[in-house]
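The structure appears below as structure tokens.
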Amino acid sequence: MTTVAAGLLVFAVLVAPNRLDQLGPAAFLRIPVEGLVAAALLLVLRGAARRAVAVLCGVALGLLAVVKLLDMGMSASLARPFDLVLDWVLLDDAYGFVRDSVGRAGAVGAIVALVAAVAALLVLTTRSVLRLTRLVARHDRRAVRVLAGCAAVWVAGATIGVPVADSGTSRLVGQHVGQVGAGLRDREAFAAEAAADAFRDTPGDELLTALRGKDVIVAFVESYGRDAVQDPEFAPQVGAVLDGGTRRLAERGFSARSGFLTSPTAGGGSWLAHDTLLSGLWVDNQQRHLSLLAGDRLTLNGAFRRAGWQTVGVMPAATQPWPEKSFFGFDRYHDAAGLDYRGPKFNYAPMPDQYTLATFQRRERATPGHAPIMAEIPLISSHSPWAAIPRMLDWDHVGDGSIYRRPTSVAVNPKDVVGRSATEVRTGYRRSIEYSLNSLISYVETYGDDDLVLVFLGDHQPAPVVTGEDAGRDVPITIVAHDPAVLARVAAWGWDEGLRPGPSAPVWRMDTFRDRFLRTFGPQPPAGAAAPPSPR
């Protein structure tokens, strides 16, 4: 029985896919050629050499299992495989997410369980290969016949193109090995992209001339993706919020235009989307992020600052030191501690979006005659796990946030975050997006004036548990203004009227937005600048 279990484990590791959506009976109807090659080698070797190779094969098999599990986790959360070169730093972010969602004890317990599971897996695969090797050594003639039969079936399958001959393991290993060289090449490619900047030397008096005197807010709505406005499970309710907001804001004299941007990430990695939108560079991995921070690229924030605006960063999720603030060059910076919130956490989100916006208003826009500001504000109430969701309150009652300790200030607060069904998770996602959008709409309705320009967009699509696999990376983007001259400038963009982009609204890559925005609101395109690519 133990030998059978060992054989099943080795077989399962070799043929199992690296994506959860591909995990089905058909995936295991294959003959792994890698196993055939290893078995042939072990049949040829003798004594200590055979045992040493068996141990190496067992360890390699265990590592392969770990890689496949990492790929499964990344595909389920970020809709892509794990990058063995660049993604290890994300484990720290994963720990922070679990800690903020279920507490420090739960996060530490998860780490201990994970380390123990990896160690156990390596031991089990190694012992399994050793056991099978001893079996092969005792019955070498029979093993040769079985191996020859399997090889014949494999060759026949490969010849006629039957999937039974393709386990995908060698291809998977090759892809991950290739990540090392790709990472080195990408570093050089990114440096060349960053060096080409049409606005690097543009004087401040030639930047953003059509927005002089305006307060400009760039708000990222966490996990606000195309599915929120087009998936039949979410679109009726989210669309009602956006369409109702369009009507309410129109009554106050505001108009809006909406389209789509293609984000460099999905499911997470919000900072990559922030980098991409603000720098005009495609930042889709951690190496590019770090290279960007080490350079002097002119960001959208920097362009506003050069043109005379006071730049403000409002980062409610920044609970640790945030080195990016130096790169983006904020004149004023408000992190989680600096926002002085006195209420409860909402799972991952340290504070509700309405509190973030209310505090920003009090500190930055409430003073009459204040200098024009440009603010970057990531809103995080719609961050996974989409469990505890605040209610919209009267803005005068938000105060220091202690009101959120009252049960009446919380719309949804499940006691068991981990044990929810997929349907409950998707419902929580939809309701959190509704809350974040309502916060923005109500903010403009309450505090908007002729000098307010709001640009809000999603940073990325939510995780595949919400969207399903291969959902795409498009996110809605909207510009709202009271001054008709502002929206007249963007008429050529072809965006849809209102807060909700339709299915055929233009789609641009997110890295094209910075240059389009600066061209649109500047006096003229800089000399020698390339024309922006046409929206697809």
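Bear in mind the structure is a predicted one, so any value in this text is a computation, not a measurement.
Salt bridge status for Asp340 with Arg363: present, with a side-chain N to carboxylate O gap under 4.0 Å. Look at Arg226 and Asp474 and you find a salt bridge, because one of the NZ, NE, NH1 or NH2 atoms lies within 4.0 Å of a carboxylate O, short of that distance. Between Glu251 and Arg247 there is no salt bridge, since no side-chain nitrogen of the basic residue lies less than 4.0 Å from a carboxylate oxygen of the acidic one. For the pair Arg426 and Asp227, the salt-bridge criterion is not met [side-chain N within less than 4.0 Å of a carboxylate O].
Contact between Asp496 and Ala505 at its shortest, heavy atoms only, is OD2-CB, 3.4 Å. For the pair Asp459 and Val475, the tightest heavy-atom approach, listed with the atom from each and the gap, is C-CG1, 4.1 Å. Taking both residues in full, the closest heavy atoms of Val398 and Ala358 are given as CG1-CB, 4.1 Å, listed atom of the first, atom of the second, then distance. Minimum interatomic distance between Trp493 and Pro506 (heavy atoms only, all atoms of both residues): O-CG, 3.8 Å.
Distance alone, capped at 3.5 Å, places no donor-acceptor pair between the Arg332 side chain and the Gln310 backbone. With Arg473 contributing its side chain and Pro264 its backbone, the two residues share a donor-acceptor pair below 3.5 Å. Between the side chain of His370 and the main chain of Thr367, a donor-acceptor pair closer than 3.5 Å is present. Proximity of a side-chain donor or acceptor of Asp335 to a complementary backbone N or O of Pro316 within less than 3.5 Å is not detected. Between the side chain of Arg342 and the main chain of Ser402, no donor-acceptor pair closer than 3.5 Å is present.
Atom CZ of Arg406 has 12 or fewer heavy atoms from other residues, nucleotides or ligands within 6.0 Å. Around atom CZ of Arg362, more than 12 heavy atoms belonging to other residues, nucleotides or ligands sit under 6.0 Å away.
Under 3.5 Å, the side chains of Ser436 and Glu222 contain no donor-acceptor pair of N or O atoms. Judged purely by distance below 3.5 Å, without hydrogens or angles, the side chains of Thr276 and Asp511 never pair a donor atom with an acceptor atom. In the model, Glu364 has a side-chain atom that pairs as donor or acceptor with a side-chain atom of His334 under 3.5 Å. No hydrogens or angles considered: nothing links the side chains of His383 and Ser223 as a donor-acceptor pair under 3.5 Å.
A cation-pi arrangement is absent between Arg365 and Tyr447, since the terminal nitrogen or guanidinium carbon is not both under 6.0 Å from the aromatic centre and inside a 45° cone about the axis.
Ring centroids of Trp508 and Trp495 are separated by less than 6.0 Å, placing the two rings close together. You'll find the ring centres of Tyr404 and Tyr355 outside the 6.0 Å limit.
To the nearest 0.5 angstrom, Ile441 atom CD1 is 8.5 Å from Glu445 atom CD.
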